[in-house]
Amino acid sequence: MSEAASPTASLDFIREMIAADVAAQRNEGWVITRFPPEPNGYLHIGHAKSICLNFGLALENAPQSRCHLRFDDTNPTKEEVEYVDSIQEDVRWLGFDWGDHLYYASDYFEKLYGFAVQLIDKGLAYVDDQTPEQMRLTRGTLTSPGTASPWRDRSPAENRDLFARMRAGEFKEGEKILRAKIDMASPNMNMRDPAIYRILHAHHHRTGDAWCIYPMYDFAHPLSDALESITHSLCTLEFEHHRPLYEWLINNVDGLPGQPYQREFARLNLTHTVMSKRKLLRLVKEGLVSSWDDPRMPTISGMRRRGITPAGIRNFCHTIGLTKYPSLSELGLLEHCVREDLNKYAQRVYGVLRPIKVVLTNYPEGQVEHVELVNNPENPADGTRKVPLSRELYVDADDFMEVPVQGFHRLVPGGEVRLKYAFCIICQEIIKDAEGNILELRCTYDDATRHGAKPVGRPKVKGTIHWVSAAHAVDAEVRLYETLFTEAEPESAAGEDGDFTQFLNPQSLETVIAKIEPSVADSKPGTHYQFERVGYFYTDPKDSLPGKPVFNRTVALKDGFVKK
RNA sequence: UACCCCGUGGUGUAAUGGUAACACAGGAGAUUUUGAUUCUCUCGUUUAAGGUUCGAGUCCUUACGGGGUAACCA
């Protein structure tokens with residue numbers, strides 16, 4: 001893959017560590033990583049960072065490497081098959097492949113149960129009868145140690161019996177819990193006898209009703225990693241304090257096939273959006289966006305629907321690097337990566353977003369000619385296409401100014417502009433209705449300025465604009481997206497008690513009926529285009545129909561024209 | 001007010017004790033029948049104070065700043 005680190009490029013701290021492990025022949029030089037989502041929601045661009053890291057590592061360290069996709073499905077009350085499916089689709093779409101290595105933590109429930117019994121036998125786990133409330137109270141605080149549960153010193157035999165009865169369904173939820181016996185006075189809250197198995201009389205999307213006790217993340221995760229012989233377990237910074245517990249389990253459970261270790265990196269933060277599942281859910285639930293795959297959402301499915309490309313996302317993830325610094329990346333960088341990708345292959349077409357009619361008064365009525373346009377100047381192999389041209393046209397309202405500002409060199413009254421690949425026109429007259437709205441521009445064209453012709457003694461026409469033939473143009477719904485939020489950091493701007501939704505951008509979606517050249521009328525849903533001089537657009541995979549196309553603006557083109 | 005992690009241009013990263021570099025963004029210019037692309041130039045940086053050293057962004061100490069942590073969530 002082009003974005004893979006070249007041998008000369010410097011390594012981030014994770015890759016450096018892994019390179020050292022490989023050099024030292026740790027695990028015989030194997031690098032086995034995993035991407036371990038909980039199937040309780042849709043993936044977003046933050047997950048993409050982790051996906052690119054874990055799957056990227058496998059690619060970079062081939063052939064002694066692989067990356068597993070493992071669903072961390074240990075909480076049946078939150079998980080659904082729908083998410084299992086969408087996550088797989090998203091990872092594949094991003095361009096990665098787990099081969100045969102698709103796993104579920106729930107596949108290990110029996111083994112995990114055995115490991116818990118092992119800890120009980122070693123006197124390293126006990127069944128606690130305290131209520132969740134009592135446990136919270138006796139755990140202590142950030143500044144004071146916790147106190148031991150009265151049940152902390154039950155014998156292994158009693159614990160084993162109780163744990164078996166938990167599994168058998170003899171107790172109600174919250175009545176009993178299995179805890180690791182570590183250190184109630186540890187400054188690390190995670191080491192204060194963490195819960196490792198709880199009672200949940202819930203239906204699991206894969207194991208059905210086979211279980212009524214489920215392992216906690218802190219217990220299941222390291223042991224699942226070990227069972228899959230994962231060598232490097234990479235997660236985000238908020239799990240840093242869980243590392244001692246991760247290592248405690250790896251060190252205290254016997255018979256593990258692998259000895260993984262965990263390292264943490266900073267999660268992705270992006271300007272002008274929110275990333276937490278809870279907040280994204282709120283946007284969907286309150287109808288502030290249309291769905292999880294609303295093109296304004298930072299979800300993978302939303303970005304896909306918007307026309308953001310996998311390579312664009314991968315390059316973005318590569319460019320932002322990997323550190324422990326809690327950075328905030330600019331949305332503009334993602335947009336740059338997407339433009340850079342699309343520029344290479346998106347076919348150019350003409351689309352007029354805000355049409356103004358132009359009548360060429362000296363062009364023969366009823367005449368139609370076909371102008372040859374280049375499909376992609378970046379790639380001549382893409383060839384050309386013919387686009388009809390006639391007496392009545394549409395040009396973009398943005399390309400006309402009745403009272404031009406300084407530096408504006410498009411169409412102005414009495415001024416000349418080039419219709420790209422056709423000829424130059426001069427605006428002779430503005431026709432308005434009673435309210436003063438512009439109805440049409442009456443222009444004359446100059447046959448001597450046809451494409452390729454180099455008339456001598458004429459001042460160079462600075463402006464070149466795109467156009468469509470009015471009679472031939474097709475109406476298309478075009479969705480123009482802006483940032484979802486007006487603030488770069490909506491959460492911080494809202495403050496502790498504030499509501500981030502107050503910074504929702506009222507202009508984040510504008511729908512217009514555009515006039516597009518006829519060649520894209522039957523565009524296949526899911527096709528990328530560059531509307532010349534305007535931006536990159538994507539035929540909406542859900543709503544676009546042949547003959548009735550719908551376009552989403554992926555990202556606008558950079559506009560070098562700044563009004564003074 | 002406990003513990004852990006982190007501080008390099010506006011943003012994101014690099015420099016592995018030896019000339020602070022790259023990308024994005026911003027600015028200027030060239031090219032251009034996309035005000036795009038491409039190309040050139042430019043802007044601007046080691047949080048602070050001590051210490052170690054011939055030499056510190058890098059090692060040590062302290063301060064300051066930012067983030068994280070007290071689910072039977074992951």
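Just so it is clear, the model here is predicted, and its values are computed rather than measured. Below, each value reflects all heavy atoms present in this structure, side chains not excepted, and no hydrogens, waters or symmetry copies. Naming: A, B, ... by sequence-line order, numbering from 1 per chain.
- A salt bridge does not link A:Asp396 with A:Arg410: every distance from a Lys NZ or Arg NE/NH1/NH2 to an Asp or Glu carboxylate oxygen is 4.0 Å or more.
- Across all strands shown, A:Lys78 has heavy atoms under 4.0 Å from base atoms, whether or not it also approaches the sugar-phosphate.
- Nucleic acid contact class of A:Thr131 (heavy atoms, under 4.0 Å, all strands): base.
- The only option from A:His466, A:His451, A:Glu532 that meets the side-chain hydrogen bond (donor to acceptor under 3.5 Å, both in side chains) definition with A:Lys420 turns out to be A:Glu532.
- In this structure, the nucleotide among B:A36, B:A14, B:C72 sitting nearest to the side chain of A:Lys558 is B:A36.
- Residue A:Glu330 has its side chain nearest to B:U11 when only B:A74, B:U11, B:A36 are considered.
- Residues passing the side chain to side chain contact (heavy atoms under 4.5 Å, CB included) test with A:Pro222 are A:Tyr246, A:Leu249, A:Ile250, sequence neighbours excluded.
- Within 4.0 Å of A:His221, counting heavy atoms only, lies no atom of the nucleic acid at all.
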5'-to-3' dot-bracket of RNA chain B (Watson-Crick, G-U; under 3.5 angstrom; crossing pairs as [ ]; | other strand): .((((((..((((....[..)))).(((((.......)))))....(((((..]....))))))))))).....
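- Aromatic rings from A:His528 and A:Tyr538 are positioned such that their centres are separated by under 6.0 Å.
- Nearest to the side-chain atoms of A:Lys324 among the listed nucleotides B:C5, B:C24, B:U33 stands B:C5.
- Base contact: A:Arg450 has a heavy atom under 4.0 Å from a base atom.
- Against the 90° criterion about 0, the sugar-base torsion of B:A30 places it in the anti range.
- Side-chain proximity of A:Ser327 to B:C5, B:A14, B:G12: nearest is B:G12.
- Residue contacts shown for A:Ile320 are limited to sugar-phosphate atoms, with no base heavy atom under 4.0 Å away.
- Looking at heavy-atom distances under 4.0 Å, A:Leu237 makes no contact with the nucleic acid at all.
- Within the 3.5 Å criterion, the main-chain N or O of A:Leu389 finds no donor-acceptor partner in the side chain of A:Ser469.
- Note on A:Ile465: nothing from the nucleic acid sits closer than 4.0 angstrom, heavy atoms only.
- Using a cut-off of 4.0 Å between Lys/Arg side-chain N and Asp/Glu carboxylate O, A:Arg70 and A:Glu228 are scored as salt-bridged.
- Comparing B:C72, B:G68, B:U33 by their nearest atom to the side chain of A:Tyr421 picks out B:U33.
- Judged by distance alone, with hydrogens and angles left aside, A:Glu16 brings a side-chain donor or acceptor within reach of the base of B:U16, the pair sitting under 3.5 Å.
- The side chain of A:Asn343 has B:U37 as its nearest neighbour among B:A2, B:U33, B:U37.
- Taking 3.5 Å as the limit, the base of B:U34 and the side chain of A:Arg348 contain a donor-acceptor pair of atoms between them.
- Side-chain atoms of A:Ile177 lie closest to B:C72 of the nucleotides B:C5, B:U33, B:C72.
- Within the 4.0 angstrom heavy-atom criterion, base atoms lie near A:Gln130.
- The minimum heavy-atom distance between A:Cys427 and A:Leu411, with the atom names listed, is CB-CD1, 3.9 Å.
- Within the 4.0 angstrom heavy-atom criterion, base atoms lie near A:Glu532.
- A donor and an acceptor atom, one from each side chain of A:Asn376 and A:Lys344, are nowhere located under 3.5 Å apart.
- A distance of about 14 Å separates the C1' atoms of B:G44 and B:C22, rounded to the whole Å.
- Residues A:Tyr83 and A:Phe71 keep their aromatic ring centres 6.0 Å or farther apart.
- A donor-acceptor contact under 3.5 Å is formed by the side chain of A:His451 with the base of B:U33.
- Side-chain proximity of A:Met216 to B:G35, B:A71, B:C5: nearest is B:A71.
- Using a 4.0 Å cut-off between a side-chain N of Lys or Arg and a carboxylate O of Asp or Glu, A:Glu173 and A:Arg198 do not qualify as a salt bridge.
- For the P atoms, the distance linking B:G10 with B:A2 amounts to 33 Å, nearest Å.
- Proximity note for A:Met135 (side chain, C-beta onward) versus B:C72, B:U69, B:U34: the nearest is B:C72.
- Residue contacts for A:Gly146: at a heavy-atom cut-off of 4.0 Å it reaches no nucleic acid atom on any strand shown.
- Under 3.5 Å, the side chain of A:Gln530 and the base of B:U34 form at least one donor-acceptor pair of N or O atoms.
- Side-chain atoms of A:Arg410 come within donor-acceptor range of the base of B:G35, with a qualifying N/O pair under 3.5 Å.
- Residue-level contact check: A:Gly407 touches the bases, meaning some heavy atom is under 4.0 Å from a base atom.
- Within the 4.0 angstrom heavy-atom criterion, only backbone atoms of the sugar-phosphate kind lie near A:Asp72; the bases stay farther away.
- Looking at heavy-atom distances under 4.0 Å, A:Arg139 makes contact with sugar-phosphate atoms alone, never a base.
- Closest contact between the side chain of A:His241 and the listed nucleotides B:A70, B:U37, B:C4 involves B:C4.
- When heavy atoms are screened at a 4.0 angstrom cut-off, A:Thr74 is found touching the sugar-phosphate backbone but no base atom.
- Comparing the P positions of B:C59 and B:G7 gives an interatomic distance of 9 Å, to the nearest angstrom.
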